[in-house]
Student: 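Would you mind keeping the following structure in view while I ask a few things?
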Amino acid sequence: MNEYKFQEIESKWQKYWSDNDSIKCDINSKEKNFYNLCMYPYPSGDLHMGHIRNYTIGDVITRYKIMNGFNVLSPMGWDSFGLPAENAAIKTGIHPKTFTEERIQNMKDQIIRLGSLYEWDREVAAHSMDYYKWTQYIFIKLYKNKLAYKKDAPVNWCGSCKTVLANEQVIEGNCDRCDSIVDQKNLNQWFLKISEYSDELLEGLSQIGDWPENVKAMQQNWIGKSEGAEFSLNIDGTQLSFDVFTTRPDTLFGMTFAVLSPEHPLMKEILTISSNSVELQKYIENAKKKSEFERMSLTKEKTGVDTGLFVINPVNGQPVSLWIADYVLINYGTGAIMAVPGHDQRDYDFAKKYKIEIIQVISDKSRESSIEKEAYVGEGILINSGKFDNLESHTEGSKKIIQFLEENNIGTSKTTFRLRDWLISRQRYWGCPIPLINCEKCGMVPENEKNLPVLLPDIDDYKNTNESPLAKSEEFINTNCPECGSKAIRETDTMDTFVDSSWYFLRFVDSKNKNKPFDAKKVNNWLPVDQYIGGVEHAILHLLYSRFFVKALRDMNYLNFNEPFQNLFSQGMINFGGSKMSKSKGNTVDPESYFATHGADALRLYILFMAPPSDGVEWNDGGIEGTKRFLNKFWENIIILSKLKELDGSNDDESIVRKVNQSINSVSNHLDKFEFNTAVSDLMKLNNDLSDFLKNSENISKNSKDMIIRNICILLFPMAPHIASEIYEDYFNEDLIKTAWPEVDTKNLKDPTYELVIQINGKKRHTRETQIGLEQSEVEEICKVEFDMNLSEFNKIIYIPDKIINFVG
RNA sequence: GCCCGGGUGGCGGAAUUGGUAGACGCGACGGACUUAAAAUCCGUUAUUCGAAAGGAUGUGGGGGUUCGAGUCCCCCCCCGGGCACCA
């Protein structure tokens with residue numbers, strides 16, 4: 001052992017871990033199981049820094065848990081359906097499958113080159129027949145349980161990607177893939193009924209294990225629960241009525257108008273009876289032309305048209321005018337509102353503009369709140385509300401008015417969610433075909449399970465026009481009805497790739513099962529995932545969909561737990577040049593080059609060291625020099641230490657042995673808490689201490705020498721496994737991964753001396769190297785003697801043993 | 001507007017329960033080695049007054065609690081992220 005040849009060492013150990021199945025869980029074990037999962041990547045071809053961070057963190061956990069005696073399941077796979085492969089196929093003609101599998105191979109090589117341990121025998125890929133067969137199988141189960149349905153709906157259409165998008169994939173009116181403006185289109189599309197689980201998805205967040213607060217908050221926002229009342233309003237002089245939803249039933253006496261969304265289903269009838277139908281017609285046409293995004297953002301200025309009709313306020317019988325306005329959205333609540341300008345700012349703005357009456361019905365307790373300049377939206381007590389006057393708005397007031405509505409059969413209390421059903425149809429080729437068949441006689445029929453998978457057909461032209469490229473394959477479309485055998489036609493849309501990733505963590509447990517998607521016993525034994533690790537960009541989409549899948553599968557008796565991921569860790573993004581790394585910006589840093597110049601261990605250490613792992617951070621080339629330097633120095637130190645003369649009975653090493661012990665304590669604590677940056681700094685400190693020791697010592701006991709080398713290798717192993725394994729093998733001739741994580745010697749943690757801080761009135765005045773465990777009187781004596789202090793001047797002395805003494809007076 | 005995070009040297013960031021603010025690393029500066037450079041090694045590095053000893057100031061701003069506050073409480077400002085005409 002002399003020179004630190006990291007390239008040789010790293011490839012040697014990577015081969016060793018693979019040849020020796022160093023990571024292989026006993027899937028049937030019931031004890032000390034630990035399912036450690038990193039989000040499987042889209043196979044873009046190259047690892048980027050985000051992957052490196054993700055898989056390094058995951059690997060630290062894997063190795064740390066193994067050494068702590070856990071039976072660790074650590075699988076990896078590929079989210080391998082999706083647009084880029086298809087777009088490449090359109091450009092180059094290469095089949096998406098070929099394209100994808102080449103990229104998978106390349107990325108897999110890089111993951112191995114990073115030194116991350118995965119049980120590759122369990123590898124899954126969303127695009128493989130073995131996998132998507134079961135995606136289709138689950139889809140059919142969802143369909144049979146009425147959790148998948150097809151309907152006409154206004155949907156988000158990306159003209160550039162030529163496909164529809166889920167609500168979750170529209171960011172400020174733009175496509176989250178290509179940034180083009182998303183249009184609204186009316187199309188017949190497949191949906192999964194995630195809304196059925198709105199309440200449970202929300203509730204689950206408070207019962208789940210350790211999840212980042214921001215992720216929970218984002219899901220909470222997205223689900224958007226609001227509680228209130230729904231009641232019906234009758235159009236005066238007609239049989240027509242419509243429902244409105246409000247979270248403020250307490251303000252009902254303040255309703256001075258009502259508003260329908262221009263898309264409201266009652267619009268036809270209203271046009272025939274309204275005295276203002278020409279203008280109404282114009283307004284509705286106009287609203288239709290604007291995209292949803294335009295309606296929301298272009299002008300906050302509210303517009304609307306008076307229908308000339310009136311509705312009756314059910315609590316006091318007063319007629320109020322009925323308006324049409326596009327600030328009321330058709331896809332939230334009932335698409336109609338009671339307008340209370342006194343206590344809702346939007347209604348207030350509208351009322352001011354169209355000179356509609358504004359009544360105050362809530363006042364703060366001091367009765368000073370005014371609605372002169374703006375709506376009063378706070379809590380308070382009811383006024384101008386008949387027999388409900390003086391009740392507290394948000395408690396009794398709401399309750400009593402809802403009670404009144406219920407008693408008179410006008411309305412009920414009601415909870416509304418923002419969460420919409422999940423639109424999963426995609427008019428694209430490279431995805432999982434939707435396994436349903438349209439039969440003229442039998443209607444929509446699922447493909448017979450025996451015939452799964454419904455294979456993606458080979459086609460020549462991947463371009464989609466307005467429908468899926470699958471529609472071009474006559475062979476694919478034409479089939480027979482599984483029910484009656486007559487000629488029938490297949491669905492041609494493929495599924496959103498988020499469907500594939502909503503259950504892959506289940507398949508890993510039983511990835512080779514030929515008869516079903518997974519074995520319930522195995523899945524129930526291993527799930528929920530003990531530790532899930534991935535980027536915060538999936539906070540809503542993937543994590544919410546997966547939670548929904550698990551709940552749906554549970555209700556269909558496929559599994560018996562409620563949440564897929566017990567603990568979640570979201571790593572922050574790595575930026576470069578002040579913004580997110582992306583190929584289009586040309587600001588990427590290629591991790592692979594560092595394998596050659598600095599080595600995987602140095603890269604891993606740097607990525608762990610650069611910042612707390614949940615923070616976003618700026619890439620900095622100088623930093624990796626630092627961790628490389630540390631590894632070199634560490635290597636040198638071990639050489640010097642191993643050659644140090646052995647002399648039993650020498651006491652020189654007491655202090656360095658204690659420092660190693662302190663590091664065991666500190667590194668363990670930091671790893672337990674995902675504080676990898678400080679765990680690395682602990683090791684750097686220890687290495688510096690070791691350097692100092694080696695400079696000043698000529699001999700060491702054999703025991704101490706072994707103890708230092710053994711433990712320093714163990715502590716380094718989760719984070720820099722190659723170099724640690726090499727040194728350990730060289731010195732002990734053993735496989736480090738089979739070594740147990742050390743116990744802390746709690747009796748040897750404290751240094752025998754400390755730096756006493758002497759304060760006068762809370763200000764530091766002196767410090768002094770002092771023995772630990774002294775009585776206050778002894779410390780006072782030191783102050784008296786050494787610093788010439790007159791203790792009688794002070795009227796109070798505060799002594800914190802082994803830390804500080806503060807003289808007050 | 002609402003909901004989450006944050007704000008500490010030139011930079012990334014450390015600081016058990018309130019107890020020496022700035023660990024560790026990067027960068028910078030000075031020195032050694034070298035013909036020279038790189039690498040390596042040694043030292044300095046919050047600001048400020050001072051020749052030094054030693055002071056003073058300092059964790060976004062302002063108040064407060066405390067012997068003692070980066071840490072706890074109140075008010076305000078700024079940055080990042082999410083949601084948003086959601087009734």
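Numbered from 1 within each chain, the chains take letters A, B, ... in sequence-line order.
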Student: With sequence neighbours left out, write down each residue that passes side-chain contact (heavy atoms from CB on, under 4.5 Å) with Ser570(A), or none if nothing qualifies.
Tutor: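 Ser570(A): side-chain contact (heavy atoms from CB on, under 4.5 Å) contacts with Pro212(A), Val215(A), Val536(A), Leu568(A).
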Student: Distance only, no hydrogens: is a donor on one side chain within 3.5 Å (strictly under) of an acceptor on the other, for Gln571(A) and Asp615(A)?
Tutor: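 Note: Gln571(A) and Asp615(A) side chains miss the donor-acceptor criterion.
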Student: Which base sits across from rG70(B) as a Watson-Crick or G-U pair, both distances under 3.5 Å?
Tutor: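 Across any shown strand, rG70(B) pairs with none.
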Student: Quick one: Asn221(A) CG to rG82(B) C1', roughly how many Å, whole number?
Tutor: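 Those two atoms, CG and C1', are 6 Å apart.
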Student: Roughly, in whole Å, what's the span from CE in Met338(A) to C1' in rC86(B)?
Tutor: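 These atoms are roughly 15 Å apart.
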Student: Counting the atoms with a prime plus P, OP1 and OP2 as sugar-phosphate, which does Lys763(A) contact under 4.0 Å by heavy atoms, base, sugar-phosphate, or nothing?
Tutor: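 Sugar-phosphate: the residue Lys763(A), judged by heavy atoms under 4.0 Å, touches backbone atoms but no base.
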Student: Would you mind reading off the distance between Leu683(A) atom CG and rG25(B) atom C1', rounded to a whole angstrom?
Tutor: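 Taking atom C1' of rG25(B) as the reference, CG of Leu683(A) is at 13 Å.
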Student: Please confirm whether the shortest side-chain N or O distance from Thr334(A) to OP1 or OP2 of rA87(B) is below 4.0 Å.
Tutor: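 No, Thr334(A) has no side-chain N/O under 4.0 Å of OP1/OP2 on rA87(B).
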Student: Below 3.5 Å is the cut-off: list the nitrogen or oxygen pairs between protein and nucleotides 69-73 of chain B, distance only.
Tutor:
none

Student: Test of understanding: with side-chain hydrogen bond (donor to acceptor under 3.5 Å, both in side chains), list the residues that count as partners of Asp802(A), not counting sequence neighbours.
Tutor: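 Expected list: Lys750(A).
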Student: Counting only heavy atoms not in Glu537(A), do more than 12 fall under 6.0 Å of its CD?
Tutor: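 Counting neighbours around CD of Glu537(A), more than 12 heavy atoms of other residues, nucleotides or ligands fall under 6.0 Å, so yes.
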Student: For rA84(B) and Arg418(A) - does any side-chain N or O of the residue sit under 4.0 Å from the phosphate oxygens OP1/OP2?
Tutor: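 Answer yes for this pair, as a side-chain N or O of Arg418(A) is under 4.0 Å from OP1 or OP2.
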Student: Taking pairing as Watson-Crick or G-U wobble with both contacts under 3.5 Å, can you name the mate of rG27(B), or confirm there isn't one?
Tutor: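 Pairing partner, where one exists within any strand: rU45(B).
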Student: Using the P atoms only, state how far rC77(B) lies from rC29(B), rounded to an integer number of Å.
Tutor: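 That atom pair is separated by 42 Å.
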Student: Using modelled atom types and a 3.5 Å cut-off, is there a donor and acceptor pairing between side-chain atoms of His343(A) and backbone atoms of Tyr376(A)?
Tutor: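 Checking the backbone N and O of Tyr376(A) against the side chain of His343(A), a donor-acceptor pair under 3.5 Å is found.
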Student: Quick one: on RNA chain B, does Gly762(A) or Gln759(A) contact a more 5' nucleotide (nearest heavy atom)?
Tutor: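 The 5'-side residue here is Gln759(A).
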Student: What distance, rounded to whole Å, do you find between the two P atoms, one in rG6(B) and one in rA28(B)?
Tutor: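 32 Å, rounded to whole Å.
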Student: When you check the glycosidic angle of rG9(B), does it come out syn, meaning within 90° of 0, or anti?
Tutor: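 For rG9(B), whose glycosidic angle is within 90° of 0, the conformation is syn.
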Student: What string of B, S and - do you get for nucleotides 39-47 of chain B, 5' to 3', if B is base contact, S is sugar-phosphate-only contact and - is no contact with any protein heavy atom under 4.0 Å?
Tutor: -SSS-----
Student: Pick the closest RNA chain B nucleotide for Ala336(A) and for Lys764(A) by heavy atoms, then say which residue is nearer the 5' end.
Tutor: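 Between the two, 5'-proximity favours Lys764(A).
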Student: Which pairs pass salt bridge (charged side-chain N to carboxylate O under 4.0 Å, His left out) with one or both residues in residues 215-232 of chain A, sequence neighbours excluded?
Tutor: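 The answer is Asp199(A)-Lys225(A), Glu213(A)-Lys216(A), Glu230(A)-Lys414(A).
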Student: Checking base pairs now: Watson-Crick or wobble, both atom distances under 3.5 Å. What partners rG1(B)?
Tutor: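 Across all strands, the one nucleotide that pairs with rG1(B) is rC83(B).
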Student: To the nearest Å, give me how far apart CD (Gln345(A)) and P (rC86(B)) are.
Tutor: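 These atoms are roughly 11 Å apart.
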Student: Does Gly626(A) reach a base, just sugar-phosphate, or nothing at all? Heavy atoms under 4.0 Å.
Tutor: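 It contacts sugar-phosphate atoms only.
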Student: What is the distance from CD of Gln571(A) to P of rG81(B), rounded to the nearest Å?
Tutor: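 Rounding to the nearest Å, CD of Gln571(A) and P of rG81(B) are 17 Å apart.
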Student: Quick one: is rC67(B) close enough that its OP1 or OP2 comes under 4.0 Å of any side-chain N or O from Lys796(A)?
Tutor: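 Affirmative; the distance criterion is met.
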Student: Rounded off to whole Å, could you give me the CD-to-P distance for the Glu625(A) and rA28(B) pair?
Tutor: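 Spelled out: CD on Glu625(A) to P on rA28(B) is 12 Å.
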Student: What integer number of Å spans the P atoms of rU8(B) and rG1(B)?
Tutor: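 Those two atoms are separated by 24 Å.
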Student: Expressed in whole Å, how much space separates the P atoms belonging to rA14(B) and rA69(B)?
Tutor: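 Nearest-Å result for rA14(B) against rA69(B) at atom P: 23 Å.
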Student: Taking the C1' atom of each, how far is rU65(B) from rU47(B), in whole Å?
Tutor: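 Going atom to atom, C1' in each nucleotide, I get 29 Å.
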Student: Just checking, any donor-acceptor pair under 3.5 angstrom between side chains of Glu775(A) and Ser777(A)?
Tutor: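 No pair is found: no donor N or O on one side chain lies under 3.5 Å from an acceptor on the other.
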Student: Among all residues two or more places apart in sequence or in another chain, which pass the side-chain hydrogen bond (donor to acceptor under 3.5 Å, both in side chains) test with Asn54(A)?
Tutor: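 None.
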Student: Between the protein and nucleotides 12-14 of chain B, list the N/O to N/O atom pairs that are separated by less than 3.5 angstrom.
Tutor:
residue: rG12(B); atom: O2'; partner: Met610(A); partner atom: O; Å: 2.4
residue: rG13(B); atom: O3'; partner: Asn677(A); partner atom: ND2; Å: 3.4
residue: rA14(B); atom: OP1; partner: Asn677(A); partner atom: ND2; Å: 3.0

Student: Apply side-chain contact (heavy atoms from CB on, under 4.5 Å) to Asn661(A) and list each qualifying residue two or more places apart in sequence or on a separate chain.
Tutor: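 If we apply the side-chain contact (heavy atoms from CB on, under 4.5 Å) test to Asn661(A), skipping adjacent residues, the hits are Ile664(A), Val744(A), Asp745(A), Asn748(A), Leu749(A).
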Student: Would you please indicate yes or no on a ring centroid separation below 6.0 angstrom for Phe350(A) and Trp323(A)?
Tutor: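 Trp323(A) vs Phe350(A): aromatic centres under 6.0 Å.
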Student: Taking atom types as modelled and ignoring hydrogens, do the side chains of Ser691(A) and Asn637(A) form a donor-acceptor contact shorter than 3.5 angstrom?
Tutor: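 Yes, side-chain donor-acceptor contact under 3.5 Å.
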Student: Taking only the C1' atom of each, what is the distance from rA46(B) to rG10(B) in whole angstrom?
Tutor: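 Straight-line distance between the two C1' atoms is 10 Å.
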Student: When the P atoms of rG25(B) and rG62(B) are compared, how many Å lie between them, rounded to an integer?
Tutor: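 That atom pair is separated by 34 Å.
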Student: Would you find a donor on one side and an acceptor on the other, under 3.5 Å apart, between the side chain of Arg53(A) and the backbone of Gly572(A)?
Tutor: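 Present.
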Student: Is Asn688(A) near enough to rG25(B) that one of its side-chain N or O atoms lies under 4.0 angstrom from OP1 or OP2?
Tutor: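 For Asn688(A), the contact criterion (side-chain N or O under 4.0 Å from OP1 or OP2 of rG25(B)) is met.
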Student: What are the residues of residues 797-806 of chain A, sorted by number, that bring a heavy atom to within less than 4.0 Å of RNA chain B?
Tutor: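 By residue number: Ile798(A), Ile800(A), Lys803(A), Ile804(A), Asn806(A).
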Student: Tell me, please, which residues at least two apart from Ser393(A) pass side-chain hydrogen bond (donor to acceptor under 3.5 Å, both in side chains).
Tutor: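 side-chain hydrogen bond (donor to acceptor under 3.5 Å, both in side chains) list for Ser393(A), sorted by chain: empty.
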Student: Which value, in whole Å, describes the distance between the P atoms of nucleotides rC75(B) and rC2(B)?
Tutor: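 Pairwise P distance, rC75(B) against rC2(B), rounds to 14 Å.
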Student: Select one nucleotide: of rC4(B), rC86(B), rU20(B), the one nearest the side-chain heavy atoms of Val757(A).
Tutor: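 Of the candidates, rU20(B) comes closest.
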Student: Roughly how many Å is it from CZ in Arg765(A) to P in rU20(B), rounded to a whole number?
Tutor: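 Between P of rU20(B) and CZ of Arg765(A): 16 Å.
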Student: Taking Asp751(A) for its side chain and Thr753(A) for its backbone only, find out whether a donor-acceptor pair lies under 3.5 Å.
Tutor: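 Side chain of Asp751(A) to backbone of Thr753(A), a donor-acceptor pair under 3.5 Å: no, none is there.
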Student: To the nearest Å, give me how far apart CE (Met719(A)) and P (rC24(B)) are.
Tutor: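 Distance, rounded to whole Å: 17 Å.
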Student: Between the side chains of Arg768(A) and Glu755(A), is the shortest nitrogen-to-carboxylate-oxygen separation below 4.0 Å, so that they form an ion pair?
Tutor: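 Looking at Arg768(A) together with Glu755(A), the answer is no, because their closest N to O distance does not fall below 4.0 Å.
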Student: Please list, chain by chain and in numerical order, all residues satisfying ring pair (Phe, Tyr, Trp, His ring centres under 6.0 Å) with Tyr594(A), sequence neighbours excluded.
Tutor: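 So Tyr594(A) forms a ring pair (Phe, Tyr, Trp, His ring centres under 6.0 Å) with His598(A), Trp619(A).
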Student: Ser666(A): what forms a side-chain hydrogen bond (donor to acceptor under 3.5 Å, both in side chains) with it, not counting sequence neighbours?
Tutor: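 Scan of Ser666(A) (side-chain hydrogen bond (donor to acceptor under 3.5 Å, both in side chains), adjacent residues dropped) gives Asp682(A).
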